[in-house]
Amino acid sequence: MPLPPLVHEIEAQRTVASAELPSASSDSIISDMHKGDNTVEDGGVQVDADQELLQRQYELAQLDRSSRANWEMIKKLTVCGVAFLNDAYDMFAINIVAMILGFVYYNDATGSAQNTVPKKWDTLIKIAVQIGCLLGQLIMGRLGDKVGRTTVYSAGLMIAIITTIASAFSSSMVKGFNVFVVLFIWRVLLGFGIGSDYPLTATIVSEYASVHNRGKLMAAVFSFQGFGNILAPIVSIIVLACFAQSVDRDVQNLDYVWRIIIGVGCIPGVSTLYWRLTMTDSERFRHVNDNELGASDESTTVDSESEKLLAQQTSTGSTSPAPSPEEPAADAAEVALVIPDEVQPRRVKTFTQYFSEWRHLKVLLGTSIAWFSLDVAFYGINLNSSIVIGAIGFAGDIKADRPSRYIIRNCLGNIIINILGSVPGYWISVFTIERLGRVRIQLLGFAALTVLYLILGFAYHQILDMSSGAFIFIFSLAQLFQNFGPNVTTFVIPGEVFPTRFRSTAHGISAAMGKLGAVVAQGGFLQLKDIGGKDEWINHLLQIFALFMLLGFFVTFWIPESKGKTLEEICDEREEYY
């Protein structure tokens with residue numbers, strides 16, 4: 001029996017493994033598939049091209065080309081957009097609720113403690129959703145790759161609806177936990193449900209959209225957060241207006257108000273629950289799952305064939321056929337490793353194998369560290385909102401003002417702050433992300449925020465003393481560049497730069513790092529801002545935030561630009577196999 005062409009086999013495998021990913025445009029793929037001779041030449045050795053990979057790329061390129069506005073697309077975008085509006089409402093309504101709880105439970109306190117929730121309870125209820133989000137992003141993100149995007153997406157919404165209703169009915173136990181601890185527990189569970197929206201919304205939209213509008217659609221869906229930020233104070237004003245007279249007569253009637261404000265948070269989710277339950281996974285995800293099942297079957301066949309070959313060689317007392325006189329003898333170790341062409345496997349790399357390589361790990365580190373750096377400042381800068389509300393004349397006097405007037409004016413101040421910088425920043429990103437690119441916007445945002453936080457940090461008291469208008473302008477500019485910058489791109493990029501089989505998991509890890517930054521900001525820095533007096537240490541916090549922005553700027557260089565590329569092109573599909 002002639003010796004298998006070992007040298008040719010080894011060279012063929014090296015050539016295929018090192019070849020560049022073909023262009024994902026369907027025209028070039030069609031051209032490659034219909035060539036009369038599907039071979040690659042390397043040093044005179046002719047090697048069969050990976051026909052299966054070309055076929056898959058052709059199918060996915062056709063899918064990108066056929067993506068256009070239709071009812072299914074509108075339904076998915078509506079569901080995803082409402083999800084982020086709902087999430088933002090649930091997360092940021094707690095700031096208003098905490099203010100109301102101060103009137104309800106501490107109206108009889110004396111001095112500066114009157115009508116104010118103690119710092120430990122205030123921190124506990126505000127940090128709860130961030131902790132839950134962190135866990136939900138990790139666990140539900142992983143399940144999104146294993147179980148299916150839409151199945152886990154629907155489960156997350158049902159968890160959020162149930163826990164939102166439960167939060168609205170929180171109360172103190174006769175013996176045991178007080179209302180703040182009970183509210184904390186329910187809001188951690190609420191955060192777990194909300195956490196699933198980040199990785200799954202990103203993967204659903206990115207896998208469904210076409211190459212030329214993928215970034216715009218992902219940014220638009222995420223930008224509904226801005227509307228959620230505004231919706232929370234608007235609902236609060238409406239509810240308070242309905243109860244104004246009764247609240248001013250008896251402040252304990254505010255107990256109804258905060259429960260209604262929280263309970264309203266389940267309405268957007270309930271309105272889109274049916275659509276979530278009837279959503280289907282993307283063709284891209286189903287295709288990968290089918291390929292993995294096929295690869296698993298093929299691998300089993302290979303193992304079986306290899307065992308048969310080994311048994312046959314053992315029974316003849318030889319591990320390799322005798323070389324013919326015309327062919328040179330080959331190294332015995334090489335001969336023992338050879339498997340016939342028809343049973344050569346294409347093994348899929350595991351998550352650990354894929355990210356153990358630095359060129360892939362650095363992308364995950366880049367998206368994770370950038371999101372962490374942003375959220376330290378994004379949630380930390382909100383510590384200044386009370387000062388800005390005071391600067392624009394909407395703070396009021398917590399002791400002298402009527403409760404309804406005080407709370408409504410603070411809600412109006414929050415609306416103004418969001419309209420000045422936050423909401424415009426979101427939509428500037430939406431309309432520029434396909435022209436400027438994700439990485440460029442992120443670099444621009446981090447650079448601008450570094451400079452603005454340095455200015456606010458080193459001239460904080462001087463600017464406030466000189467002109468409240470100047471402080472409002474710089475603060476609003478910082479909010480603008482948060483959203484026309486890394487707040488949008490840290491969500492978009494992880495939904496594009498990882499392989500389909502790991503996309504939800506990797507996005508969940510990146511988002512969880514962001515929520516860890518939020519926990520650090522709210523649980524750590526919140527305790528530092530009053531060192532030396534009320535709000536006296538905020539200038540130093542802003543200087544620290546500037547350092548985090550600088551860190552985010554530099555790690556962005558580890559992230560590839562995804563503008564104008566298919567998802568398979570961005571992460572090079574060949575890298576998923578060995």
Side-chain angles (χ1 to χ4, degrees), residues 137 198-199 202-203 206 214-216 218-219 222-223 225 355 357-381 425-426 428-454 477-499 502-503 505-518 520-521 542-565 567 569-572 575:
Q137 287 159 346
Y198 284 76
T203 53
S206 69
R214 185 179 61 235
K216 181 185 294 185
M218 293 178 73
F222 187 70
S223 295
Q225 262 197 354
F355 286 105
E357 300 172 30
W358 171 246
R359 63 183 180 276
H360 303 313
L361 179 61
K362 73 176 182 180
V363 179
L364 181 59
L365 289 175
T367 57
S368 300
I369 297 173
W371 208 331
F372 173 84
S373 301
L374 167 75
D375 275 8
V376 168
F378 183 78
Y379 288 90
I381 197 66
Y426 280 116
I428 294 173
S429 289
V430 171
F431 293 113
T432 60
I433 196 167
E434 295 296 359
R435 285 186 291 174
L436 297 179
R438 290 70 158 151
V439 171
R440 186 177 297 177
I441 289 177
Q442 186 158 305
L443 288 172
L444 173 65
F446 273 130
L449 289 170
T450 301
V451 173
L452 290 170
Y453 288 157
L454 285 173
L477 204 58
Q479 286 199 310
L480 177 77
F481 279 106
Q482 280 179 341
N483 295 318
F484 175 43
N487 192 35
V488 170
T489 55
T490 51
F491 170 79
V492 172
I493 291 172
E496 298 179 312
V497 298
F498 301 112
F502 308 135
R503 185 168 295 123
T505 303
H507 194 289
I509 292 171
S510 303
M513 283 295 291
K515 285 298 174 277
L516 180 61
V520 169
L542 290 167
Q543 295 164 14
I544 294 172
F545 296 159
L547 291 177
F548 278 105
M549 295 303 95
L550 193 61
L551 174 62
F553 178 85
F554 284 116
V555 298
T556 300
F557 288 102
W558 288 347
I559 302 171
E561 178 56 67
S562 52
K563 181 185 73 170
K565 298 178 182 178
L567 296 174
E569 236 182 327
I570 297 164
C571 53
D572 190 346
E575 294 292 336

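- Checking side-chain atoms of Glu357 against main-chain N and O of Arg359 turns up no donor-acceptor pair under 3.5 Å.
- A 4.5 Å side-chain heavy-atom check between Thr556 and Pro486 finds every atom pair outside the cut-off.
- Residues Leu480 and Ile428 are in side-chain contact: their nearest non-hydrogen atoms beyond the backbone lie under 4.5 Å apart.
- Using the six-membered ring where Trp is involved, Phe491 and His507 have ring planes that are perpendicular, over 60° apart on the 30 and 60° scheme.
- Only one option out of Ser510, Ser206, Pro199 pairs with Pro494 in a side chain to side chain contact (heavy atoms under 4.5 Å, CB included); it is Ser510.
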Quiz item: Stepwise, does the side chain to side chain contact (heavy atoms under 4.5 Å, CB included) test hold for Val520 with Phe372?
Solution: CA-CA 9 Å; Val520 169; Phe372 173 84; 4.3 Å; yes

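- No donor-acceptor pair under 3.5 Å is formed between the side chain of Arg503 and the backbone N or O of Ala202.
- Between Phe553 and Phe557, the angle of the ring planes goes over 60°, which puts this pair in the perpendicular group of the 30/60° scheme.
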Exercise. Please step through side chain to side chain contact (heavy atoms under 4.5 Å, CB included) for the pair Gln225 and Tyr426, ending with a clear verdict.
Key: CA-CA 9 Å; Gln225 262 197 354; Tyr426 280 116; 3.0 Å; yes

Exercise. Would you sort out whether Ile441 and Val488 count as a side chain to side chain contact (heavy atoms under 4.5 Å, CB included), showing the intermediate values?
Key: CA-CA 9 Å; Ile441 289 177; Val488 170; over 6 Å; no

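- Considering only heavy atoms from C-beta on, Phe378 comes within 4.5 Å of Asn483 through its side chain.
- Counting only distance, with no hydrogens or angles, the side chain of Lys563 and the backbone of Arg435 share a donor-acceptor pair below 3.5 Å.
- At a threshold of 4.5 Å between non-hydrogen side-chain atoms, the residues Phe355 and Val363 do not count as touching.
- Taking the side chain as every heavy atom from C-beta outward, Glu496 and Met218 approach each other to under 4.5 Å.
- Under the 4.5 Å side-chain criterion, counting only non-hydrogen atoms from C-beta, Val492 is not in contact with Phe222.
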